[in-house]
Amino acid sequence: MVSNVQSQKEPPGYFIELELEARGWSQTDLAYIVNMLPQQLNPILKGKHAITADKAILFGDAFGMPPEFFTNLENDYQLSKAKAAPPEVKERATWQAKFPVREMIKRGWIEETDPSLLRTQMLRFFEKLTLDDMPYFGANTPVVGYAAKKTHIDIPSPEELAWVYRVRQIAKTIDVPAYSKEKLLASLNTLKFMRSSLDDIATIPKILNECGVRFVIVETLPKAKIDGVCTWLDDQPVIALTNRYDRLDNFWFVLRHEIEHVLQGHGQQALYPIVDNLDGENSGTGDAITEEERIANTAAADFCIPKNQLQSFIARKSPYISEKDVIGFARRLEVHPAIAIGQLQKETGKWNFLRKYLSSSVSGVREILISELQHQNIIDGWGLKANAQL
């Protein structure tokens, strides 16, 4: 019996013929044993026809060997004839295994060019000089901690990182004066007067820009649960929202949350920016989130509805709070009903309470923002692509 494979480049028939010689069999003998015509067997032995699974079983029974021996010979032979894969296949696979490259190309964040340029594009996109500095690649890359998570130490997902750096990419195209904390504080009074309607939402970027804060809106990526970010370009703050939930109450809460991060200087010295997922307890003040997030959440909630007034209203109107009561409460505080309802839901845990006011048809802001701001190069997503170069 043949014990050693001499060359992987030889067709399987070569080894079968060696086995025939060792046994003193002719090709005609083998054809008889496996019930084939010699004319059918010869092309297999000469490597012109592949050994199928059926034939491997026949030869296995004929020689008293596992059929896998013959299928492995065939596979090795076919692989030896196959062309080597171009190097760009491995390059694309390496990056796609780490980051949502295909989605980034689809969104126009990087170009679909010669794969040999992919590494250069990705390094530029993530503002890195070498692969060792790349998150998820380099051994020298520190563990990244993100705020507003269920644990205090979390490694951000590749989708989160890609979204953050797209935000930064767009923000670099916006011209703003030097950041002024005093102007940003003063702007809060102006922003408060805008809580009662949808009409003035589109003026927010201008108000923030005048304070030296760049503002952009970037649709989140699949698998990434992101509401907003506070990041810094040197001493210049950047606020970005995803408008993941197209509701006015969510818009104001997330915006004020990120403004507080800016006012507090949160994340300015950190390796990576503060990315916020404000679902569930992440929008509260419990021990499951960091001190920075508790500060930002408190400021955001108080901006929407002052806590003492919210609790007083609930105490007076419970156990039954009518729609009329809520509308009157919102009118008295000069806020949109959606904002009052959003905060009441959080405070009481009754998430279905007057939910109709939180539908996009009633309190949605996305269409307004897209309609008014799409020509200002600060919206990216929903079919729109901001102009930003690597």
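Positions are given from 1 along the sequence. Please read these numbers as outputs of a predicted model, since none were measured by experiment.
Side-chain atoms of Glu258 come within 3.5 Å of backbone atoms of Cys230 as a donor-acceptor pair (strictly under, hydrogens ignored). Side chain of Thr242 to main chain of Ile226: a donor-acceptor pair is present (N/O by atom type, distance under 3.5 Å, no hydrogens or angles). A donor-acceptor pair under 3.5 Å is absent between the side-chain atoms of Thr231 and the main chain of Val238, judged by distance alone. Gln236 places a side-chain N or O within donor-acceptor distance of the main-chain N or O of Pro177, the cut-off being under 3.5 Å. For the pair Trp232 (side chain) and Val262 (backbone), a donor-acceptor distance under 3.5 Å is absent. Without hydrogens or angle criteria, Arg23 side chain to Phe63 main chain gives a donor-acceptor distance under 3.5 Å. Proximity of a side-chain donor or acceptor of Arg166 to a complementary backbone N or O of Met104 within less than 3.5 Å is not detected. Formation of a donor-acceptor pair under 3.5 Å by the Asp246 side chain with backbone atoms of Ser360 is not found in this model. In this structure a side-chain-to-backbone donor-acceptor pair under 3.5 Å is present from Arg366 to Asn243. Asn72 places a side-chain N or O within 3.5 Å of a backbone atom of Glu68 that can act as its donor or acceptor partner.
Shown here are the side chain to side chain contact (heavy atoms under 4.5 Å, CB included) partners of Ser318, two or more places apart in sequence or in another chain: Ile314, Ile321. Listed by chain and residue number, Pro100, Lys106, Arg107, Leu221, Pro222 satisfy the side chain to side chain contact (heavy atoms under 4.5 Å, CB included) test with Glu103 (two or more places apart in sequence, or in another chain).
No side-chain heavy atom of Arg256 sits under 4.5 Å from any side-chain heavy atom of Trp252. Between Trp163 and Val229 there is a side-chain heavy-atom pair separated by less than 4.5 Å. Contact annotation: the side chain of Ile16 approaches that of Leu30 to within less than 4.5 Å [non-hydrogen atoms, C-beta and beyond]. Side-chain contact between Ile341 and Leu358 is present, with heavy atoms from C-beta onward closer than 4.5 Å. For the pair Leu255 and Ile239, the minimum side-chain heavy-atom distance is below 4.5 Å. Ile110 is listed as a side-chain neighbour of Val101, based on a closest heavy-atom distance under 4.5 Å. Taking 4.5 Å as the limit, some side-chain heavy atom of Lys128 sits within range of a side-chain heavy atom of Pro135. Counting only heavy atoms from C-beta outward, the side chains of Phe253 and Ile339 never approach each other to under 4.5 Å.
No chain of hydrophobic side-chain contacts below 4.5 Å, direct or via other Ile, Leu, Val, Met, Phe, Trp or Tyr residues, connects Tyr245 to Phe251. By the criterion of side-chain heavy atoms lying less than 4.5 angstrom apart, applied directly or through intervening Ile, Leu, Val, Met, Phe, Trp or Tyr residues, Trp109 is not grouped with Leu117; the two fall into different hydrophobic clusters. In the hydrophobic clustering of ILVMFWY residues, with side-chain heavy atoms under 4.5 Å counting as a link, Ile295 and Leu278 come out apart. Hydrophobic clustering (ILVMFWY, side-chain heavy atoms < 4.5 Å, transitive): Trp382 and Val254 are in one cluster. Residues Leu20 and Phe70 are members of one and the same hydrophobic cluster, defined by side-chain heavy-atom contacts under 4.5 angstrom among Ile, Leu, Val, Met, Phe, Trp and Tyr.
No more than 12 heavy atoms of other residues, nucleotides or ligands sit less than 6.0 Å from atom NZ of Lys307. When the shell of 6.0 Å around CG of Asn35 is examined, it contains 12 or fewer heavy atoms from other residues, nucleotides or ligands. Within a 6.0 Å radius of NZ in Lys172, more than 12 heavy atoms belonging to other residues, nucleotides or ligands are found. Glu127 CD: more than 12 foreign heavy atoms inside a 6.0 Å radius. The environment of CD in Glu21 is sparse: at most 12 heavy-atom neighbours from other residues, nucleotides or ligands sit within 6.0 Å. The neighbour count for Arg102 CZ, taken as heavy atoms of other residues, nucleotides or ligands under 6.0 Å away, does not exceed 12. Around atom CD of Glu112, no more than 12 heavy atoms belonging to other residues, nucleotides or ligands sit under 6.0 Å away. Sparse packing is recorded around CD of Glu367, with 12 or fewer heavy atoms of other residues, nucleotides or ligands lying under 6.0 Å away.
Remark: aromatic rings of Phe99 and Phe126 are close, center separation under 6.0 Å.
No side-chain donor from either of Glu293 and His266 sits under 3.5 Å from a side-chain acceptor of the other. Remark: the Asp200 side chain and the Thr203 side chain contain no N/O donor-acceptor pair separated by less than 3.5 Å. Defined by atom type and a distance below 3.5 Å, a donor-acceptor pair is missing between the side-chain atoms of Glu347 and Gln343.
Nearest heavy atoms, Arg294 versus Thr298: O-OG1, 2.8 Å. The shortest non-hydrogen separation linking Ala62 to Val34 is CB-CG1, 4.0 Å. Of all heavy-atom pairs between Ile201 and Pro205, the closest is O-CD, 4.1 Å. Nearest heavy-atom pair, Lys350 versus Pro319, reported as atom, atom and distance to 0.1 Å: NZ-O, 4.3 Å. Of all the heavy atoms in Phe329 and Ile305, the pair that sits closest is CZ-CG2, 4.0 Å. Closest non-hydrogen pair, Tyr136 versus Ser157, comes out as OH-CA, 3.6 Å.
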Determine all donor-acceptor pairs shorter than 3.5 Å in which one atom belongs to a side chain in residues 88-95; sequence neighbours excluded.
unit_1 : atom_1 : unit_2 : atom_2 : d
Glu91  : OE2    : Trp95  : NE1    : 3.1
Glu91  : OE2    : Arg119 : NE     : 3.4
Thr94  : OG1    : Lys90  : O      : 2.7

Counting only pairs under 3.5 Å, give me each side-chain donor-acceptor contact of residues 180-194, with atom names and distances, residues two or more places apart or in other chains.
unit_1 : atom_1 : unit_2 : atom_2 : d
Ser180 : OG     : Lys183 : N      : 3.1
Lys181 : NZ     : Leu263 : O      : 3.3
Ser187 : OG     : Leu184 : O      : 2.6

Give every donor-acceptor pair under 3.5 Å between a side-chain atom in residues 39-53 and any protein atom, sequence neighbours left out.
unit_1 : atom_1 : unit_2 : atom_2 : d
Gln40  : OE1    : Leu37  : N      : 2.9
Asn42  : ND2    : Gln27  : OE1    : 3.3
Thr52  : OG1    : Lys55  : N      : 3.3

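The pair Lys346-Asp249 does not meet the salt-bridge criterion, since no charged nitrogen lies less than 4.0 angstrom from a carboxylate oxygen.
Rounding to the nearest 0.5 angstrom, the gap separating the OG atom in Ser322 from the NZ atom in Lys317 is 7.0 Å. Rounding to the nearest 0.5 Å gives a distance of 7.0 Å between CD1 of Ile368 and CG of Asp199. For the atom pair CD1 of Ile289 and CD of Glu281, the computed distance is 8.0 Å after rounding to the nearest 0.5 Å.
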Practice prompt. Apply side chain to side chain contact (heavy atoms under 4.5 Å, CB included) to the pair Asp235 and Gln268, showing each step before the final yes or no.
Written response: CA-CA 8 Å; Asp235 295 329; Gln268 190 169 5; 3.6 Å; yes
Discussion item. Show, in sequence, the C-alpha distance, side-chain angles and deciding distance for Phe215 and Leu241, and conclude whether the side chain to side chain contact (heavy atoms under 4.5 Å, CB included) test is met.
Written reply: CA-CA 8 Å; Phe215 177 81; Leu241 307 185; 3.9 Å; yes
Practice prompt. List the steps, then state whether side chain to side chain contact (heavy atoms under 4.5 Å, CB included) holds for Leu310 with Leu344.
Written response: CA-CA 7 Å; Leu310 182 66; Leu344 281 167; 3.6 Å; yes
Worksheet item: So Phe59 and Met65, side chain to side chain contact (heavy atoms under 4.5 Å, CB included) or not? Walk me through it.
Response: CA-CA 8 Å; Phe59 292 146; Met65 300 168 67; over 6 Å; no
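Applying the salt bridge (Lys or Arg N to Asp or Glu O under 4.0 Å) rule to pairs touching residues 205-214 yields Lys206-Glu210, sequence neighbours excluded.
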